[in-house]
Amino acid sequence: MNFFVVEDEKLAADRLIALVQEIDSDMELVGKADSVKSAVRWFQNNAMPHLIFMDIQLADGLSFKIFDLSK
Amino acid sequence: MLDKIIVKQVAKGIFFKFICVNLIGFIFGLIVDGLTTFVYWDKYLAYSSTAGLSLWLGNEYLSKCLDRKYSWFEFPIRKLVLRLVVSLTFSTIVITILYLHIWFNVLHRPNLTHFLEYNKFSFLFFYIVTTVIMLVLHTVDFFRSWQVAALNEEKLKKESIALQLQALKNQVDPHFLFNSLNTLTSLIETDSKKAISFVKQLSDMFRYMLNRDSRELIDIDSELGFVKAYIFLQQIRFGENLKIQINIQDSNFYVLPVSLQMLIENAIKHNEVSSEFSLVITIYDDEEYVYVSNTIQPKILETPSKGIGLDNLKTRYSFFTDNKVVIGTDNDIFCVKLPKLNYSDV
C-alpha cells in the first residue's frame with residue numbers, strides 16, 4: 001500500500017510519515033506536497049495513491065481546494 | 001404610573017418649599033415688624049408664598065438652564081458669577097414687583113418718593129438671603145457633579161482595563177499556541193536540544209506579551225528581541241520557506257509593543273509560505289520610520305482581510321504621534337511604515 005502526504009509544515013509531515021511507517025513498515029510514501037498548487041500538479045502527473053493524508057490549512061490556502069482543482 | 005410618581009415628587013418639593021419660605025417670611029416679619037406679624041399673618045402668608053416660591057422655583061429653573069450650557073469643570077468661576085448675576089437680577093425683579101404692589105395697593109402711596117429709602121432693609125435682607133442660599137446650593141451642586149465625575153472616571157478606568165484584557169486575549173492567538181505545541185511534539189522526537197530552546201523562546205515570547213501594557217511604549221531593542229523569538233518559532237515551522245531580514249540601524253527609539261510582531265504575523269497569515277514560494281519579510285529603518293515589507297503572494301481563495309489589526313495599530317499610534325502609520329503596496333511588495341517614537345512625543 002502506498003500513501004501521499006499534504007502538509008505545509010515539514011516537521012509535522014516527517015512525524016506523520018514516521019507514525020504511519022511505525023504502524024505498518026510496508027507503507028510506501030510516494031510523495032508529499034506543501035501547497036494546494038503543488039498537490040494538484042502532483043495528482044495530475046501521477047497515479048492516484050491508495051491513501052492521502054491532508055492537513056487543512058496549507059501554505060497557499062485550504063486543502064479542500066485541491067478536490068475542486070483536480071477534477 | 002411614572003407620571004403619578006413624578007407629580008407626587010413635584011408636589012412634595014413644592015410643599016417643602018412652601019413651608020420653608022413661610023418660615024423665613026415669618027422670622028423676617030418678627031425681626032422687622034415684631035408681634036404685629038401675627039396680626040397680619042394672612043398677608044405674610046400670601047406674600048411669602050408668592051414671592052418666596054416664585055424666587056425659589058425661578059432660580060432653580062434658571063440654574064438648570066445654565067447647567068446645561070456650562071460644565072462645572074470647564075468654567076467653574078464663570079459659572080458661579082453667571083449664576084449669581086442671573087439669580088440676583090431675577091430676584092430683584094420679583095422683589096421690586098412685590099414691593100411696588102405693597103407700596104401702591106397696601107400702603108396706598110401716591111408716588112414713588114421714599115420708596116427705596118423705606119424698603120432698603122428689606123432689599124438688603126433679600127439680597128443676603130438669596131446670596132447665601134445660592135452659595136449653599138452652588139456648593140452642594142459642585143460637590144455632587146464632582147462625585148458624578150469621579151464615578152465616571154472610575155467607570156472609564158474599568159472599561160479601559162476590560163479593553164486591555166480583550167486586546168491581550170486577541171494577542172495571544174490560540175491558533176498560534178496550538179501550532180507551536182504541535183511543532184514542539186515533532187521536535188521532541190527528532191531534535192530534543194532544539195525542543196528545549198523552542199520551549200524557552202516560546203515562554204520568553206508569552207512573558208513579553210503578557211507583561212506589556214499595550215498603552216506603553218517599548219524600546220526597539222526589546223521589541224526586536226521578542227520578534228526574534230517569534231521568528232525562531234516560525235522558522236522551525238516553515239524552515240527555509242520563511243526568510244526574514246532585519247536591518248535596523250538606530251537603537252534609540254521606541255515602538256508600540258507587539259507592533260512589529262503583529263505585522264510579521266499578518267504577512268505569514270495572508271501569504272503563501274511554501275517550498276515553491278518562500279516568503280521574504282524585511283524589517284528596516286530610516287530617519288523617521290521603521291518599515292516592515294514582504295513580497296505579495298496571496299493564498300488561493302484568500303478571504304479579504306478586514307484590516308482590523310492594522311486599523312487598531314493606526315489608532316494606537318495616533319495617541320502618541322501626529323506622524324501617520326502608512327500602509328502601501330508597490331510592485332508586488334506590501335509595506336507598512338511605523339513612525340519612530342521618542343519619549344518626548346508622549
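By convention in this document, chain letters (A, B, ...) are assigned in the order of the sequence lines, proteins followed by strands, and residues within each chain are numbered from 1.
Here the straight-line distance linking atom CG of A/Leu58 with atom CD of B/Glu272 works out to 9.5 Å at 0.5 Å rounding. The distance from the CG atom of A/Asp8 to the CZ atom of B/Arg237 is 6.5 Å, given to the nearest 0.5 Å. Here the CG atom belonging to A/Leu11 is positioned 10.5 Å from the CD atom belonging to B/Glu189, to the nearest 0.5 angstrom. Taken from NZ in B/Lys269 to CD in A/Gln57, the straight-line distance is 10.5 Å, to the nearest 0.5 Å.
Among the candidates B/Thr183, B/Val273, B/Ile236, B/Asn241, the single residue satisfying the side chain to side chain contact (heavy atoms under 4.5 Å, CB included) test with A/Glu9 is B/Thr183.
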>> Between B/Phe277 and A/Lys37, does the side chain to side chain contact (heavy atoms under 4.5 Å, CB included) criterion hold? Intermediate values first, please.
In response: CA-CA 11 Å; B/Phe277 297 97; A/Lys37 281 185 294 253; 3.7 Å; yes
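In this structure, A/Ala59 and B/Ser274 approach most closely via the heavy-atom pair CB-CB, 3.6 Å.
With contacts defined as side-chain heavy-atom distances shorter than 4.5 Å, the pair B/Lys299/A/Lys65 does not qualify.
Taking a 6.0 Å sphere around OH of B/Tyr284, one finds it holds more than 12 heavy atoms contributed by other residues, nucleotides or ligands. The neighbour count for B/Lys194 NZ, taken as heavy atoms of other residues, nucleotides or ligands under 6.0 Å away, does not exceed 12. More than 12 heavy atoms of other shown residues, nucleotides or ligands fall within 6.0 angstrom of atom CG in A/Asp24.
A salt bridge is absent between A/Lys10 and B/Glu240; no separation between the charged side-chain nitrogens and carboxylate oxygens falls under 4.0 Å.
Residue A/Leu16 does not touch chain B at all, counting heavy-atom pairs closer than 4.5 Å.
By number of non-hydrogen pairs under 4.5 angstrom with chain A, the leading residue of B/Leu279, B/Asp191, B/Thr190, B/Thr185 is B/Thr185.
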